[in-house]
Protein chains: 2
Amino acid sequence: MNIGQASDASGVSAKMIRYYEEIGLIRPMGRTGNNYRVYGEEEVHVLRFIKRARSLGFSLEETETLLKLWQDKSRESAAVKEVATAHIADLERRIAEMQGMVKTLKHLAHCCGGDHRPNCPILDDLAGDSSAPGDSSASGGDAPLPASRRKTKKVA
Amino acid sequence: MNIGQASDASGVSAKMIRYYEEIGLIRPMGRTGNNYRVYGEEEVHVLRFIKRARSLGFSLEETETLLKLWQDKSRESAAVKEVATAHIADLERRIAEMQGMVKTLKHLAHCCGGDHRPNCPILDDLAGDSSAPGDSSASGGDAPLPASRRKTKKVA
DNA sequence: TCTTGACCTTCCCATGATGGGAAGCTCCAC
DNA sequence: GTGGAGCTTCCCATCATGGGAAGGTCAAGA
């Protein structure tokens, strides 16, 4: 099987297959006399594994860990579960972050006329004109930050 | 005000301030005789605007659009609202995508012993051994794809 | 046999937003 | 005048992926 067929069979682009080889995620493939890479069913299986892991949001680094665990027949499932739960926590953190953005934006968009007039609470918020009623807590972000780690003379 | 003070006042790193100038998001600053950039209150206000927009997930490109609208006193709020609602839709799409991942991962993690034994449904899923009960629809992903846009001989 | 064109190879570049760090200047306080 | 904080520019790295050029290879059809 050439790289094109392996790509079709696995759903991973030829470009990516070469890249995965380059970074050591998969072993260098054997070559035919014409210098073409040769793939077998096992390699395709590995590529599908990678694709599935990526589709679940695992980074290539995490994918590499999972791949090694998969190939290590004496692994402990606890190790796999640990990688998965850490990833779940990361996803949930990012989801919560984006949901916060959505909440704020929906509120602002709701308050915005969306008409021909220039008056716009969305821009007012971005500009820091927090003339919003009491809801400004929802527009979170900007953690207070202890003001300055800088050791400067700070004319301020 | 030097760049360091502007950074402190706006919460945008000096590195980023220079970058924003380089890509044309903000105008090139005036320089003092020693070639230092000089900032005033207005520039800091712009930087804060950018920071706020970024914290709500807007890309730099969207931020640039919003910035121009902000500075265009004859804007129509509809234009602003359009940018915001498109961004909300994008965020919601990405949230849904990640929630799908979380759902699948939680199911798999729940089914995984997480002990010293090698047996692991998480790896089984990644490997494509969908010995999962009926729930395989939730493990979605991989849109069917019309098989192949390739015009090849495809030994298949 | 020659041509065509689909396929393969390597190499370089681009993305988006940010940080790190080097080399060399300026400025200020002591 | 010296030390060090701060400024300047320039280059590189991240993460995963795609685009494209230049050139070699193979197979099918004229």
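Naming: A, B, ... by sequence-line order, numbering from 1 per chain.
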A/Tyr36 side-chain proximity, nearest of D/dA16, C/dC8, C/dA17: C/dC8
Proximal nucleotide (of C/dG19, C/dT18, D/dA16) relative to the B/Tyr19 side chain: C/dT18
Quick check on [N]: is either OP1 or OP2 less than 4.0 Å from any side-chain nitrogen or oxygen of [X]?
X: B/Arg31; N: D/dT9; result: yes
X: B/Arg37; N: D/dC7; result: no
X: A/Asn34; N: D/dC26; result: yes
X: B/Ser13; N: C/dG19; result: yes
X: B/Arg54; N: C/dG16; result: no

Plane angle bin for A/Trp70 and A/His45 - parallel if under 30°, tilted between 30 and 60°, otherwise perpendicular: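 Perpendicular: the ring planes of A/His45 and A/Trp70 meet at over 60°.
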Residue mapping more 5' on DNA chain C - nearest nucleotide basis, B/Gly33 or B/Ser59: B/Ser59
Integer-rounded Å distance: [N] [atom2] and [X] [atom1]:
X: B/Lys51; N: C/dT18; atom1: NZ; atom2: C1'; answer: 12 Å
X: B/Lys15; N: D/dT14; atom1: NZ; atom2: P; answer: 16 Å
X: B/Leu47; N: C/dT18; atom1: CG; atom2: P; answer: 12 Å
X: B/Ile50; N: C/dA17; atom1: CD1; atom2: P; answer: 12 Å
X: A/Arg94; N: D/dC15; atom1: CZ; atom2: C1'; answer: 12 Å
X: A/Ile17; N: D/dA16; atom1: CD1; atom2: P; answer: 17 Å
X: A/Glu21; N: C/dT9; atom1: CD; atom2: C1'; answer: 12 Å
X: B/Asn35; N: D/dC10; atom1: CG; atom2: C1'; answer: 14 Å

Side-chain heavy-atom pair A/Val38, A/Ile3 within 4.5 angstrom cut-off: no
Close side-chain approach of B/Glu76 to A/Arg117, heavy-atom, < 4.5 Å: no
Residue closer to the 5' end of DNA chain D, B/Tyr39 versus A/Leu60 (nearest nucleotide):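 Its nearest nucleotide lies further toward 5', so the answer is B/Tyr39.
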Straight-line distance of B/Asp125 CG to B/Ile122 CD1, nearest 0.5 Å: 9.0 Å
Salt-bridge present (B/Glu22, B/Arg18; N to O < 4.0 Å): no
Sugar-phosphate only, base, or nothing, as touched by B/Arg18 at under 4.0 Å among non-hydrogen atoms: base
